[in-house]
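For reference, the structure discussed in these notes is given below.
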Amino acid sequence: YEQELRRNTGFPLNADGSVPEGIDTDTFTGLQNGIGEVDDTYVDAQIVHDFLDNLKLTVRGSYQRGNISYQNADGLYNFNNVDGVRGLSEANPFVYTFYGFAGDIDNEVLFFDAQLAYQAEMFGQTQDFVIGASYDDTSFERSFNSDTQSDPISLTDLDIPRVGPTTFTPLEPFDKTFLDLRSVFAETALRPKDWLTIVAGVRYDSLEQEGERRGFESLLEEDEVTFRLGASAAVVENLNVYLSFAEAFEPQGGRPQRSGEEVGPVLSTGYEAGLKGTLWNGRAGFEAAIFETTRENLAVADPNNAFGEDFQVTIGEIRLRGAEFSGNVALLDTLDWTVSLGLIDTDVLEAGDDEVTPPFLIPEFNASSFVTYEVGEGNLEGLKLGGGFRHYGDSENGTISNDAYTVADVNISYPIRDDITLSADILNVFDEFYLETGPLPIVTSANQLGQPRTAVITDRARF
């Protein structure tokens with residue numbers, strides 16, 4: 001498919017993480033003639049062969065190739081360090097954007113996965129065994145033109161139209177990443193009793209990653225063995241309790257550290273315990289869990305990056321602890337209510353070599369609630385009316401902070417015919433002003449405001 005890029009977006013924050021005065025959802029942060037186009041091709045296939053009734057081979061493969069090309073499609077930046085902090089300030093109320101900037105990104109991913117599944121009857125129960133292998137070959141190449149410039153723009157002049165050039169110098173290679181990940185694994189689901197399931201697995205990953213940035217070449221070769229173990233038990237009717245432990249090996253690359261070395265993979269370890277069940281003869285269902293995850297060697301943007309630099313630094317070890325709950329209940333035959341709650345706490349257990357402050361801004365509390373009413377009979381049968389809210393709590397990382405915000409949404413839909421449904425949504429009904437919450441906000445650039453009050457009309461048809 002093809003699509004046009006979202007035009008110039010993104011802006012820097014004040015040093016404390018607040019949105020500069022004068023920037024709102026109507027502010028245009030870029031050049032008027034910014035253009036871009038995305039081309040993406042994706043194909044996949046799956047072959048299944050039953051050797052026996054209880055022995056099955058599944059082979060899956062996919063190929064994706066994408067290209068992004070753009071000109072003058074750039075947001076606002078500010079990399080100056082004023083009074084020892086990054087971001088905008090009264091002493092430096094200026095932003096920058098690239099003029100005469102053009103770029104091209106090519107991304108290609110080839111993936112194969114094969115699994116051999118076997119079932120056996122033991123202890124009066126069905127036991128499952130799986131062995132498999134996967135292969136992931138990914139390439140990423142990015143080119144820019146070198147003849148670009150940037151001029152300071154006062155925050156008071158953001159509304160002045162800015163137009164970039166229409167001719168550009170040839171593109172030159174900027175960075176490349178080639179990733180080769182080979183994995184083999186084995187898993188089993190054992191059922192010693194009809195009310196108990198035990199899951200265990202082991203995985204071996206071998207990673208080879210080549211990188212090149214501004215003429216500097218790097219090579220990373222690592223492998224890791226990881227394990228997973230879990231159990232689920234039906235303690236009483238309609239109530240299951242589960243426990244799980246899992247390790248993961250997550251490649252991350254393409255951007256070297258300032259030393260020129262590639263960042264290695266993230267190693268994570270997670271624990272989770274929870275309950276799943278239904279109540280009132282199935283009219284209500286719920287899931288509740290507590291969890292803890294530690295991650296080592298996580299790469300983030302180097303806080304000392306100057307204008308045009310894109311180096312990485314690593315965090316030694318961070319820990320995320322939390323609890324979450326989700327439930328739904330049929331208050332009436334025509335009235336449904338869904339709700340979710342989440343608590344999370346993030347701590348740095350061990351600073352990395354660079355001892356940087358993690359840029360995570362993860363809300364400590366979040367919640368959502370939505371009620372839907374459906375007309376069950378009469379001329380308006382099938383009409384649905386819904387409304388609810390999404391709440392995101394305060395978040396801070398020791399340097400910057402985001403305030404809590406709540407967004408309300410409403411929805412109405414009606415089946416015009418059996419095969420056509422028309423719906424209308426009003427998002428952010430009260431036009432709440434907020435900075436989009438994300439795990440990696442960047443004080444110096446790339447920040448975006450949340451969607452203002454927006455109406456969306458959708459027509460769904462089946463043929």
Does some side-chain heavy atom of L298 sit less than 4.5 Å from a side-chain heavy atom of I318?
yes
Would you indicate whether the side-chain heavy atoms of D345 and L320 approach each other to under 4.5 Å?
no
As an exercise, state the distance from CG of D180 to CG of L207, rounded to the nearest 0.5 Å.
8.0 Å
Quick one: pull up CD in Q448 and CD1 in I23 and give me the separation to the nearest 0.5 Å.
12.0 Å
Minimum heavy-atom distance between N145 and A102, given as atom pair plus value
OD1-N, 2.9 Å
Taking it one step at a time, do R390 and D409 satisfy salt bridge (charged side-chain N to carboxylate O under 4.0 Å, His left out)?
CA-CA 8 Å; R390 295 168 281 134; D409 307 314; 2.8 Å; yes
From T406 atom OG1 to F389 atom CZ, the distance as rounded to the nearest 0.5 Å:
7.0 Å
Would you indicate whether the side-chain heavy atoms of R203 and S134 approach each other to under 4.5 Å?
yes
Would you confirm whether the ring centroid of Y271 sits within less than 6.0 angstrom of the ring centroid of F245?
yes
Taking all non-hydrogen atoms of both residues into account, name the closest pair between N297 and V266 and its distance.
O-CG2, 4.0 Å
Donor-acceptor under 3.5 Å (D136 side chain, L181 main chain):
no
Can you establish whether the number of heavy atoms outside D159 located under 6.0 Å from its atom CG is more than 12?
no
What's the verdict on side-chain contact (heavy atoms from CB on, under 4.5 Å) for L229 and V199, showing C-alpha distance, side-chain angles and the deciding distance?
CA-CA 6 Å; L229 181 66; V199 177; over 6 Å; no
Option among F101, Y96, F98 that satisfies the ring-ring contact (aromatic ring centres under 6.0 Å, His included) test with Y77:
F98
Heavy atoms of A461 and I420 approach each other most closely as CB-CG1, 4.2 Å
Would you find a donor on one side and an acceptor on the other, under 3.5 Å apart, between the side chain of R65 and the backbone of Y63?
no
Beyond-backbone contact of F11 with L449, side-chain heavy atoms, under 4.5 angstrom
yes
Donor + acceptor pair across side chains of D39, N67 (<3.5 Å):
no
NZ/NE/NH1/NH2 to OD/OE distance under 4.0 Å, R295 and E250
yes
Passes side-chain contact (heavy atoms from CB on, under 4.5 Å), Q71 versus F168? Steps please.
CA-CA 9 Å; Q71 298 175 355; F168 301 86; 3.2 Å; yes
Side-chain ion pair, D205 and R182, N-O less than 4.0 Å
no
Non-hydrogen side-chain atoms of D394 and F365 separated by less than 4.5 Å:
no
pair L331-D336: side-chain heavy atoms closer than 4.5 Å
no
Test item: T156 side-chain N/O and S154 main-chain N/O as donor-acceptor pair under 3.5 Å
no
Separation of S445 OG from L76 CG (nearest 0.5 Å):
9.5 Å
side-chain contact (heavy atoms from CB on, under 4.5 Å) between E292 and R319: does it pass, once the steps are laid out?
CA-CA 7 Å; E292 176 179 301; R319 180 182 64 197; 3.8 Å; yes
L110 side, atom CG; S62 side, atom OG - distance, nearest 0.5 Å
7.5 Å
Taking atom types as modelled, is there a side-chain donor on D40 or Y42 under 3.5 Å from an acceptor on the other?
no
Side chain of D459, backbone of L422: donor and acceptor closer than 3.5 Å?
no
Under a 4.0 Å threshold between the charged nitrogen and the carboxylate oxygen, would R142 count as salt-bridged to D175?
yes
Between A273 and L243 the two heavy atoms that sit nearest each other are CB-CD2, 3.4 Å
For the pair F286 and F325, name the ring-plane relationship: parallel under 30°, tilted 30 to 60°, perpendicular over 60°.
parallel
Side chains of S413 and T421: do they bring a donor and an acceptor to under 3.5 Å?
no
Side chains of D24 and T27: donor-acceptor distance under 3.5 Å anywhere?
yes
Are there over 12 heavy-atom neighbours, none belonging to I290, within less than 6.0 Å of that residue's CD1?
no
Rounded to the nearest 0.5 Å, how far apart are CG of N14 and OG of S89?
8.0 Å
Under the 3.5 angstrom rule, does the side chain of N72 hit a backbone N or O of P165 as a donor-acceptor pair?
yes
Classify the ring geometry of F174 against F144: parallel below 30°, tilted from 30° to 60°, perpendicular beyond 60°.
tilted
Exercise: identify the closest heavy-atom pair between R462 and D418
NH2-O, 2.7 Å
I want to check something: taking the side chain as every heavy atom from C-beta on, are E432 and R453 in contact at a cut-off of under 4.5 Å?
no
Using side-chain contact (heavy atoms from CB on, under 4.5 Å), reason through L179 and D137 one step at a time and then give a plain yes or no.
CA-CA 6 Å; L179 180 148; D137 185 9; over 6 Å; no
Is it true that the side chains of Y204 and E224 contain a donor and an acceptor less than 3.5 Å apart?
no
Do the side-chain N and O atoms of Q46 and D44 include a donor-acceptor pair separated by under 3.5 angstrom?
no
Could you tell me if the side chain of S368 sits less than 4.5 Å from the side chain of V339, heavy atoms only?
no
Looking only at heavy atoms, what is the nearest atom pair of Y242 and A289, with distance?
OH-CB, 3.4 Å
Is it the case that atom CG in L343 sees more than 12 heavy atoms from other parts of the structure closer than 6.0 Å?
yes
